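Read through the structure below, which is laid out as structure tokens, and then see the notes.
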Amino acid sequence: MKNVRVRFAPSPTGIPHIGNIRTALFAWILAKKHNGKFILRIEDTDQNRYDPQSELAIIESMNWLGLAWDEGPEIGGNYGPYRQSERKNIYIDIAEKLIESGKAYYDDTTPEQLESLRKHQKEQKLPPRYDGRGRKRTEEQIKKSREKGVPITVRLKVPDFGKISFIDKVRGKIEIDAKEIDDFVILKSDNMPTYHLAHVVDDHLMKISHVIRAEEWISSTPRHILIHQALNYSLPEYVHVPLILGSDKSKLSKRHGSTSVLEYKKQGFINDALFNFLSLLGWSPGDDRELLSKEEIISEFELNKINSSSAIFDLNKLEWMNGVYIRGYSNKELIEKIKPILESENESIGLPKSIKRPLDESYLIKIIPLIKERIKTLNEISELIDFFYDNNIKNTVENIIIKKLDSSETIRILNKSINILNDIKSFKSELLESSFRNLVEIEKIKPGQLFTSLRFALSGKKIAPPLFETMEVLGRAKCIKRVSNAIMLVK
RNA sequence: GGCCCCAUCGUCUAGUGGCCUAGGACACAGCCCUCUCAAGGCUGAAACAGGGGUUCAAAUCCCCUUGGGGCUACCA
């Protein structure tokens, strides 16, 4: 494939969700695969819905996932500007040319009139459709309306016969009767173009080779074909990627819970895992492989392997995959990802505020192997390891009492345990384990009985990392102190 | 309502006329391992929406039905 130029063209009207970003991801992958260009274009032609925050969110989302663009706002490029509001005059010129060539016309039908037209059609069970009344308006009439302050739009003249067809790369030929399409607005009364006009013009001017967008655009593609024809533009390749649905099978939206990419970041998901997971929603390499690096995805990616049916977002599988990625990182790599979270001031994901920052990496790196295979998201970590930092272990007598034994027996055995902790030559997990197993044998109890009690004594938790590795990391002094405290509690 | 798109286990998917007794993964269940929890290993349950064609042969091609989704704005 030659000169692949693809764009991601979000409109800054909200925080980009998984579906938008998955589309961007596919476009990015295609560009990378063919050494093409990936372009970011901001489609801010709707000034009513414009939300300045969302442009930032779009950029942050893309950066996080590693979807770097070659051309775009700020960084520029040879086909700028890349923000549609800054291209306003281009669209106005083109709309005027279309009018001059008789392919479009001014319309002074008011929104109220359109509203009542639609209402009328609905009552008569007709499909709501603009009736082309503006075609009959004279220059003079439009001029008068304009002077009176009536909003004027520009509409494209659409033939009411014939068929419009196009090839979609994932579905094949799609055809529709021209009479299904009315004379639609291409320039709004605020002189901003509609999406239809703006993106066709920009894609052409920016030499976009593949229009990669979501399936919801299929039904308006015939309009875009019409604009191409009116302007004598050659058609790009159309690639309509399947929608991502929520668990209720409707188009993913806010009511499906967290849908924004940044939300997943916040929840402790890893960018590479999300990238991998998203790439598999609506695409597969054609075999059983699921854990793929970016490089593998790029080299395996083919447009004709994109699915035509929509996919439901399965959080369970994302969590599993995130766990796989966590386990796959070296301790060093994991530290980089984990440290900022543990140091976070946010109590729900960070270590208690009482623990002083920055965290000592040489201590942290000893803890990480113990929890690596026990977490699915980064956010679960601090709860699992806080006792390594916080010496204030909370316990109940019931936790410490060795199962099936009474308190005096418990105290006696825990004292023996302290002796072991005290006397052991080297404070290594293997040696600790064999010594405590020896004690268990002498006392004729089950390993689990003693170990559970010790686990509570050291961590205050029922569920914790392996006991002897934990002891080794904590070190002799802390272990003795904590077991002593447990004995005190039982007394 | 009209138009368009889609249809394999609960979910993501493999499958492009014979390799299908339909494969993998997540989730689920059981077992093993085991100091808890995980991780790991093994096993299991689980799908071609229905009906017609075409063909020696259909999950795969065609048609209809059903179901789902999308669009139907001076929003994108």
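Just so it is clear, the model here is predicted, and its values are computed rather than measured. In what follows, chains carry the letters A, B, and so on, assigned in the order in which the sequence lines appear, proteins first and then strands, with residues in each chain numbered from 1.
The P atoms of U72(B) and U55(B) are separated by 44 Å, rounded to the nearest whole Å. Nucleotides G68(B) and C9(B) have their P atoms positioned 16 Å apart, rounded to a whole Å. Spacing of P atoms, A73(B) relative to C3(B), comes out at 16 Å, to the nearest Å. Between A14(B) and G53(B), the two P atoms lie 30 Å apart (nearest whole Å). Rounded to a whole angstrom, the distance from the C1' atom of C20(B) to that of U36(B) is 44 Å. Taking atom C1' on both U21(B) and C26(B), the two are 25 Å apart, rounded to the nearest angstrom. Nucleotides A57(B) and G18(B) place their C1' atoms 6 Å apart, quoted to the nearest Å. Atom P of C33(B) sits at a distance of 23 Å from the matching atom of A45(B), rounded to the whole Å.
As judged by a 4.0 angstrom heavy-atom cut-off over every strand, Gly323(A) is placed among residues making no nucleic acid contact. Among the atoms of the strands shown, base atoms are found under 4.0 Å from some heavy atom of Thr153(A). As judged by a 4.0 angstrom heavy-atom cut-off over every strand, Glu175(A) is placed among residues touching the sugar-phosphate backbone only. Within the 4.0 angstrom heavy-atom criterion, base atoms lie near Glu290(A). Residue contacts shown for Arg289(A) are absent, as no nucleic acid heavy atom lies under 4.0 Å away. Nucleic acid contact class of Ala311(A) (heavy atoms, under 4.0 Å, all strands): sugar-phosphate only. Nucleic acid contact class of Pro466(A) (heavy atoms, under 4.0 Å, all strands): base. Residue Leu126(A) is out of contact with every strand shown, counting any heavy-atom pair closer than 4.0 Å. Within the 4.0 angstrom heavy-atom criterion, no nucleotide atom of any strand lies near Pro242(A). Contact annotation for Leu467(A): base contact, defined as any heavy-atom pair under 4.0 Å involving a base atom. As judged by a 4.0 angstrom heavy-atom cut-off over every strand, Pro193(A) is placed among residues touching the sugar-phosphate backbone only. Counting any heavy atom pair closer than 4.0 Å across all strands shown, Pro151(A) reaches a base atom.
Contact of Ser309(A) with C6(B) (side chain to base): no donor-acceptor pair of N or O atoms is detected under 3.5 Å. Between the side chain of Arg49(A) and the base of C75(B), a donor-acceptor pair under 3.5 Å is found.
For Asp46(A), the listed nucleotide lying nearest its side chain is C75(B); candidates were C35(B), C75(B), A39(B). With G40(B), A38(B), C74(B) as the candidates, the nucleotide lying closest to the side chain of Arg327(A) is G40(B). Listed nucleotides C74(B), G23(B), G69(B) differ in distance to Lys188(A); the shortest reach to its side chain belongs to C74(B). Closest to the side chain of Arg155(A), from the set C35(B), C26(B), C74(B), is C74(B). In this structure, of A39(B), A7(B), C12(B), it is C12(B) that holds the atom nearest to the side chain of Lys317(A). Taking every side-chain heavy atom of Ser308(A) into account, C6(B) is the closest of U11(B), C6(B), C71(B). The side chain of Lys462(A) lies closest to U36(B) when the candidates are C12(B), A76(B), U36(B). Closest to the side chain of Arg455(A), from the set U36(B), U11(B), G69(B), is U36(B). Nearest nucleotide to the side chain of Ser219(A), out of A76(B), A27(B), G70(B): G70(B). Which of C35(B), C4(B), G24(B) sits closest to the side chain of Ile218(A) comes down to C4(B).
Pair assignment for A39(B) gives none, since no Watson-Crick or G-U wobble pairing has each distance under 3.5 Å. Of all nucleotides present, only G70(B) satisfies the Watson-Crick or G-U wobble test against C3(B), with each distance under 3.5 Å. Across all strands shown, C56(B) is found opposite G18(B) as a Watson-Crick or G-U wobble partner, with both distances under 3.5 Å. Of the nucleotides present, none pairs with U34(B) by Watson-Crick or G-U wobble criteria with both distances under 3.5 Å.
Contact check for Ile174(A) versus His240(A): no side-chain heavy atoms found under the 4.5 Å cut-off. Contact annotation: the side chain of Ser220(A) never approaches that of Phe184(A) to less than 4.5 Å [non-hydrogen atoms, C-beta and beyond].
Between the side chains of Arg213(A) and Thr221(A), at least one donor N or O sits under 3.5 Å from an acceptor N or O. With 3.5 Å as the limit, one finds a donor-acceptor pair spanning the side chains of Asp202(A) and Tyr91(A).
Counting to the nearest Å, the P atom of A73(B) and the OH atom of Tyr195(A) are 17 Å from each other. Between Leu187(A) atom CG and A76(B) atom P there is a gap of 11 Å when expressed in whole angstrom units. The distance between atom CG of Asp183(A) and atom C1' of U72(B), rounded to the nearest whole Å, is 16 Å. Per the geometry, CD1 belonging to Ile244(A) stands 14 Å off P belonging to G70(B), to the nearest Å. If you measure from atom NZ of Lys125(A) to atom P of U72(B), you get 22 Å, rounded to the nearest angstrom. Atom pair His199(A):NE2 and C75(B):P shows a separation of 16 Å (rounding to whole Å applied). What separates CG of Leu315(A) from P of C26(B) is a distance of 15 Å, to the nearest Å. Atom pair Asp44(A):CG and C75(B):P shows a separation of 14 Å (rounding to whole Å applied).
Results of the ring-ring contact (aromatic ring centres under 6.0 Å, His included) test with Phe277(A) over Phe313(A), Trp283(A), Tyr264(A) single out Phe313(A) as the only residue that passes. Of the candidates Lys103(A), Arg133(A), Arg135(A), Asp183(A) forms a salt bridge (charged side-chain N to carboxylate O under 4.0 Å, His left out) with just one, namely Arg135(A).
Taking the ring centre of Phe387(A) as origin, the terminal cationic atom of Lys461(A) falls outside the region bounded by 6.0 Å and 45° from the ring axis.
A donor-acceptor pair under 3.5 Å is formed between the side chain of Arg22(A) and the backbone N or O of Leu281(A).
For the OP1/OP2 pair of A7(B) and a distance below 4.0 Å, the side-chain nitrogens and oxygens of Asn307(A) include no atom meeting the criterion. Distances shorter than 4.0 Å separate some side-chain N or O of Thr45(A) from OP1 or OP2 on A76(B). Side-chain nitrogen and oxygen atoms of Ser284(A) include at least one within less than 4.0 Å of the OP1 or OP2 phosphate oxygen of A14(B).
In this structure, Phe468(A) and Phe451(A) have perpendicular ring planes: the angle between them is above 60°, well past the 30° mark.
Each of Glu180(A) and Asn304(A) was matched to the nucleotide of RNA chain B holding its nearest heavy atom; the match closer to the 5' end belongs to Glu180(A). Summary of the strand contacts: Thr110(A) and Gly448(A) both lie near RNA chain B, and taking for each the nucleotide with the nearest heavy atom, the more 5' one is attributed to Gly448(A).
Counting non-hydrogen atoms of neighbouring residues, nucleotides and ligands closer than 6.0 angstrom, the CG atom of Leu342(A) exceeds 12 such neighbours.
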